Protein chains: 2
Amino acid sequence: MNRPPPRPASPSPTFSPLYRQIKDLILASLEAGEWGPGDAIPSESELAQRFGVSQGTVRKAIDEMAADNLLVRRQGKGTFVATHNDPRSFFRFLRLAANDGDLPPSRSVPLECWRARAGADVARTLGLEPGASIIILRRVLYFGDKPVVFDELYLPAELFPDFSMDVLNANDESLYSLFEGRYGVRMIRADERLRAVSADRVSAAALSVAEGSPLLLVERVAFTYGDKPVEWRRGFYSTENHHYHNELG
Amino acid sequence: MNRPPPRPASPSPTFSPLYRQIKDLILASLEAGEWGPGDAIPSESELAQRFGVSQGTVRKAIDEMAADNLLVRRQGKGTFVATHNDPRSFFRFLRLAANDGDLPPSRSVPLECWRARAGADVARTLGLEPGASIIILRRVLYFGDKPVVFDELYLPAELFPDFSMDVLNANDESLYSLFEGRYGVRMIRADERLRAVSADRVSAAALSVAEGSPLLLVERVAFTYGDKPVEWRRGFYSTENHHYHNELG
DNA sequence: CAGTGGTCTAGACCACCTC
DNA sequence: AGGTGGTCTAGACCACTGA
């Protein structure tokens with residue numbers, strides 16, 4: 001590599017270190033689908049050669065992307081595109097634990113699914129035009145034979161063309177796995193807002209609790225690449241035998 | 001530095017990279033109080049010389065500790081021991097936000113504070129002998145003139161010798177600031193468990209809500225160096241105008 | 001065995017802060 | 001000007017994987 005002159009070329013206001021530019025390039029390849037979820041990406045030395053930088057610089061870019069849960073490093077094997085298929089990553093987006101520490105296997109049961117027009121609030125949250133076509137899904141998550149979470153989801157219909165009860169019933173993978181595999185929509189991060197509310201008739205029935213019981217309401221906006229919001233979700237958690245677990249670092 | 005033989009000496013089962021050993025050494029100095037909260041630690045090159053390793057290795061150790069929020073790097077100035085005095089870090093342990101996004105200044109009002117003997121549950125949670133002396137504190141956190149959080153805290157009395165209402169009233173810094181400054185107990189991380197409950201008479205009165213209203217119950221165990229539990233806390237959050245905010249990465 | 005990521009070093013230079 | 005952390009490089013060697 002020829003050393004002088006150095007890369008950035010702009011001294012201060014728009015300065016971005018080389019490794020971050022490399023990160024953006026890898027990110028663009030990810031977004032473009034050059035490597036699919038679960039695939040290995042090229043080795044560090046190969047990427048270094050491709051981008052004309054040292055291996056250490058590629059390494060630092062990948063370090064950040066691994067910290068962001070976009071890539072997974074496996075010593076001796078390679079670096080892989082993160083995927084929601086991995087059962088270990090199931091609880092990354094479901095911060096639920098049993099009070100006695102023993103969580104039986106979960107089962108997701110879809111209740112209804114239909115298309116509608118986005119109201120003002122959904123449109124604002126998902127960055128759509130008011131009146132855009134959306135999908136609404138209701139489902140219940142069981143642990144063992146106990147209903148624990150009653151979810152209502154809002155999705156931009158454009159991104160999930162053939163989404164339906166039939167598709168859901170034909171796939172028992174996690175929802176984010178399905179989104180990623182069938183529609184190429186990968187959830188990267190999410191914001192959640194938690195409140196305590198009283199169970200209304202619908203959620204009380206879905207969770208087999210008395211109307212008026214306290215429920216934990218978890219509102220989530222999930223984002224894909226480029227911080228684009230692609231899911232809005234309201235989950236009612238029955239917290240008699242379970243709780244929402246969070247670690248403050 | 002003499003290169004061969006390399007440091008670790010043990011091939012596989014207890015292998016720990018050099019930078020992690022350096023991290024442990026710096027951690028020990030932190031724990032021993034060699035540098036207090038807010039102080040600058042020695043420069044990277046100085047530490048490299050002290051430990052007989054390269055600057056890059058010290059750098060990687062400090063990188064991890066900065067990621068753990070134990071140290072704060074400031075380009076051009078140095079690396080500093082993290083502190084709870086920093087008002088920006090106040091919300092690191094209080095994931096609270098207003099529904100309309102506008103949070104007025106907060107005010108913590110202590111209600112009562114007394115000493116007691118640890119019951120089985122407190123003893124287990126804090127790693128104490130049953131019957132050990134503990135401190136119990138009740139307080140209310142206001143935002144503007146609205147009571148939002150009613151807290152009950154359990155502390156090992158041994159670590160907070162002269163803790164009392166008087167001490168609280170004489171200091172208007174945050175609780176963790178006080179713990180760190182006055183007692184040398186630095187909170188590093190915490191586990192929280194969230195549930196929805198109905199307001200009992202005590203918490204309803206403290207938060208000016210109707211008895212039976214849904215409240216968000218946040219149970220926290222906070223840890224200091226060495227993952228030693230030093231605080232157990234039950235907070236009742238009124239979530240009519242506020243919510244608990246969490247980011248899933 | 002070859003290939004991958006993981007560690008460690010040494011040295012150069014840049015960006016930022018303070019005096 | 002001199003110190004700090006921040007970036008980038010080049011090369012060596014280690015640890016792990018799988019053929």
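All values below were derived from every heavy atom in this structure, side-chain atoms included, with hydrogens, water molecules and symmetry-related copies excluded. First the proteins, then the strands, lettered A, B, ... as listed; each starts at 1. Since we're looking at a predicted model, the values are computed, not measured.
Contact check for Arg234(B) versus Val218(B): no side-chain heavy atoms found under the 4.5 Å cut-off. Side-chain atoms of Asp172(A) and Arg107(A), non-hydrogen and from C-beta on, never get closer than 4.5 Å to each other.
Put simply, NZ on Lys23(B) is 16 Å from P on dG6(C), counting in whole angstrom units. Summarising the geometry, the separation between CZ on Phe15(A) and C1' on dG5(D) is reported as 12 Å, rounded to the nearest angstrom. Residue Lys60(A) contributes atom NZ, which lies 16 Å from atom C1' of dG6(C) at whole-angstrom precision. Separating the CD atom of Glu64(A) from the P atom of dC8(D) is a distance of 11 Å, rounded to the nearest angstrom. In this structure, Phe51(B) places its CZ atom 17 Å from C1' of dC8(C), rounding to the nearest Å. Across the protein-nucleic acid pair, Asp63(B) atom CG and dG6(C) atom P stand 15 Å apart, rounded to whole Å. Between the CD atom of Gln49(B) and the P atom of dG3(D) there is a distance of 13 Å, rounded to whole Å.
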Listing time: all N or O pairs from protein to nucleotides 2-5 of chain C that are below 3.5 Å?
from, atom 1, to, atom 2, distance (Å)
dG3(C), N2, Gly76(A), O, 2.9
dT4(C), O2, Gly76(A), N, 3.3
dG5(C), OP1, Thr79(A), OG1, 3.4
dG5(C), OP2, Glu44(A), N, 3.0

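The closest side-chain donor-acceptor pair between Glu192(A) and Tyr244(A) falls under 3.5 angstrom. In this model, no donor atom of one side chain and acceptor atom of the other lie less than 3.5 Å apart for Thr224(B) and Arg186(B).
The residues Arg50(A) and Glu34(A) are annotated as salt-bridged, a charged nitrogen and a carboxylate oxygen being separated by less than 4.0 angstrom. Taking a cutoff of 4.0 Å between a charged side-chain nitrogen and a carboxylate oxygen, Arg220(A) and Asp191(A) do not qualify as a salt bridge.
The Ser54(B) side chain lies nearest to dC8(C) when the options are dT9(D), dC8(C), dC8(D).
For the atom pair CD1 (Ile22(A)) and NZ (Lys60(A)), the distance works out to 13.5 Å, reported to the nearest 0.5 Å.
Within a heavy-atom distance below 4.0 Å of DNA chain D, no residue of residues 25-40 of chain B is found.
Just one of Arg189(B), Met187(B), Arg92(B), Arg95(B) meets the side chain to side chain contact (heavy atoms under 4.5 Å, CB included) condition when paired with Leu248(A); it is Arg95(B).
Remark: Tyr237(A) engages no residue in a side-chain hydrogen bond (donor to acceptor under 3.5 Å, both in side chains) (not counting sequence neighbours).
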